[in-house]
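Here the structure comes first, spelled out in C-alpha cells, and everything after it is commentary.
Reckoned from all heavy atoms, side chains included, excluding hydrogens, waters and symmetry mates.
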Amino acid sequence: MPDRAPQPVDRQLPTEEARDLISLVRDIAQQEIVPKAAEEEDAGRFPRELFTLLSRSGLLGLPYDSEYGGGDQPYEVYLQVLEELAAARLTVGLGVSVHSLASYALAAYGTKEQQVEHLPAMLGGGLLGAYCLSEPHSGSDAAALRAKAVRDGDAWVITGTKAWITHGGIADFYTVMARTGEEGPRGITAFLVPGDAPGISAAPPEKKMGMKGSPTAQVHFDGVRVSDDRRIGEEGQGLAIALSALDSGRLGIAACAIGVAQAALGEALAYATERRQFGKPIADFQGLRFMLADMATQIEAGRALYLAAARLRDAGRPFAMQAAMAKLHCTDTAMRVTTDAVQILGGYGYTADFPAERYMREAKVLQIVEGTNQIQRMVIARHLVGPEGR
C-alpha cells in the first residue's frame, strides 16, 4: 500500500515567503516523494535524482547566506521544512539535514576565499555532502578519533576509517575531522575533502533495521591528499567546529523526528476512523481516543521545543542545552508515537502493507544518531550543574 500524503500541519510562520516555501515543499512531497517512498525504502534505493531536484529548488541550502547560493532562511523556517520532508520520507528529511551539517563547517568557519570557491556548488549546485566524525572505536567519545592527517609540504595526507557515515560512498564532498596533533580534543582539524579524491573508498552499506534507502557506510581514507587550502579553521580547532555543527544538527534530527511522529499519527487517525469493530469506528472507544490525544500532545510539545531552540539560535543566543533537550524529547516522542501507531493498527500495523511499522523502525535510529539520547542527558546535566568530577 502506498503511503498517505502527510496531513497538513497548521504552522505559525514568520513571513509570506516562508508560507510559500512550505507550500512548495508540500507539493514536492505529495508529487515526488510520497508515491515512491514505500517501494524505494523496501528496495533500499536512495533517491539521488530527488536531491538534485531539491537542490534546483533551493532546498539544500536554506539556512545559509544567499551570497553563496543559500536561502537566507532562519532556522525556525528551515526546521519546519525538514519536518515536512521527513513526514513524507525520513531518508529525504534526514538526508537534507546531514547535507546541511556537512556544509556548516565551511559556512561558519571557512575563509571568504574558501566560501566563494566551494559554497555555491555545495548549497545549490547539485552536490551532496557527508559528515565524517565517528569512527569504529570512537562514537560518543569523539575526541578519541584516530584518523590522521599528516602535513606534506603545502598539503595534508589523510589516513583512517570513518564509520556510520550517512551518504558514505555516494557523497560529492566529505567534511572530515582528522588528528593533526596531540591526543585528545585539541589535536583535531577539519578538512573539506572531494568525494572523488584518490584514495577514498567505501565499504558496502550497513544492513539496517530501518532507513534502508539511506546509505550508511564506513568510508576509508588511504593516503588521501588534500591541499592546505581545504583545511577549515585553524589547526586543532576541528573538534570545536564539529561540536558546534552538532548543536545545529541535533535540531535537524529533532525536526525529522517530529515529522515521522506526525506521519504515524496521521496513519493512526485515518485507520481509527475507518476501521469498525462492534458496530462503530474504533476511534469511538475511549481507550484509543486517549492514546491519540497523548500522541498529538507529545508531538505538539516536541514541535514547540525545537522551535524555541531554533528561535534562540536565530537570535544569536546560546542554544546548546535547548538543542540537546529538543533532540532528546523529540526522538523519544517519535519512538513512543510510532509504537502506539502500530498498536492502534493492530495486526495490520505489524505488516508491511501499512507504513506504521516502517515509521517505528525508522524512529529508533533517531534516538542514536548525532549523539545518543544518553549523551544528550549528559549535555543537559552539564549545563545545569557543571562538568562531572569537579
### Query
For F221, is the NZ or CZ atom of K148 found under 6.0 angstrom from the centre of its six-membered ring and inside 45 degrees of the ring axis?
no
Under 3.5 Å, is there a donor on one side chain and an acceptor on the other for [X] and [Y]?
| X | Y | answer |
| --- | --- | --- |
| R313 | S248 | yes |
| N373 | T331 | yes |
| H220 | S201 | no |
| E41 | T91 | yes |
| S23 | R26 | no |
| R303 | Q262 | yes |
| T216 | K208 | yes |
| K364 | Q367 | yes |

Over all heavy atoms of both residues, which pair between [X] and [Y] is shortest? Give the atoms and the distance, please.
| X | Y | value |
| --- | --- | --- |
| S103 | F173 | OG-CZ, 3.8 Å |
| A257 | A334 | O-CB, 3.5 Å |
| M177 | G238 | SD-O, 3.6 Å |
| A341 | A264 | CB-O, 3.7 Å |
| C256 | L90 | CB-CD1, 3.8 Å |
| T189 | E235 | OG1-CA, 3.5 Å |

### Task
Start with the C-alpha distance between Y64 and S100, add both sets of side-chain angles, then the distance that settles side chain to side chain donor-acceptor pair (under 3.5 Å), and finish with yes or no.
CA-CA 9 Å; Y64 296 116; S100 294; 5.1 Å; no
First locate atom [atom1] of [X], then atom [atom2] of [Y], and finally report the distance between them rounded to the nearest 0.5 Å.
| X | Y | atom1 | atom2 | value |
| --- | --- | --- | --- | --- |
| D152 | S227 | CG | OG | 12.5 Å |
| R317 | D314 | CZ | CG | 12.0 Å |
| L54 | L59 | CG | CG | 5.5 Å |
| L24 | I28 | CG | CD1 | 4.0 Å |
| C330 | M325 | SG | CE | 12.5 Å |
| T15 | D20 | OG1 | CG | 8.0 Å |

### Query
Do the two ring centres, one from H99 and one from Y131, sit under 6.0 Å apart?
no
[X] atom [atom1], over 12 foreign heavy atoms within 6.0 Å:
| X | atom1 | value |
| --- | --- | --- |
| Y350 | OH | no |
| R186 | CZ | no |
| E49 | CD | yes |
| Q237 | CD | yes |
| R11 | CZ | yes |

### Message
Tell me whether M335 shares a hydrophobic cluster with I368, the cluster being built from Ile, Leu, Val, Met, Phe, Trp, Tyr side chains joined at under 4.5 Å.
### Response
no
#### Entry: Path from Y68 to L60 over hydrophobic side-chain contacts below 4.5 Å
no
Would you call [X]-[Y] a salt bridge at under 4.0 Å N-O?
| X | Y | answer |
| --- | --- | --- |
| D172 | R48 | yes |
| E40 | K212 | no |
| E76 | R311 | yes |
| R231 | D228 | yes |
| R358 | D42 | no |
| K36 | E39 | no |

### Task
Start with the C-alpha distance between Y104 and S244, add both sets of side-chain angles, then the distance that settles side chain to side chain donor-acceptor pair (under 3.5 Å), and finish with yes or no.
CA-CA 9 Å; Y104 174 88; S244 177; 2.6 Å; yes
### Message
Run the side chain to side chain contact (heavy atoms under 4.5 Å, CB included) test on L307 and Q80 for me, step by step, so that the C-alpha distance in whole Å, both residues' side-chain angles and the decisive distance to 0.1 Å come before the verdict.
### Response
CA-CA 8 Å; L307 286 174; Q80 293 188 79; 3.7 Å; yes
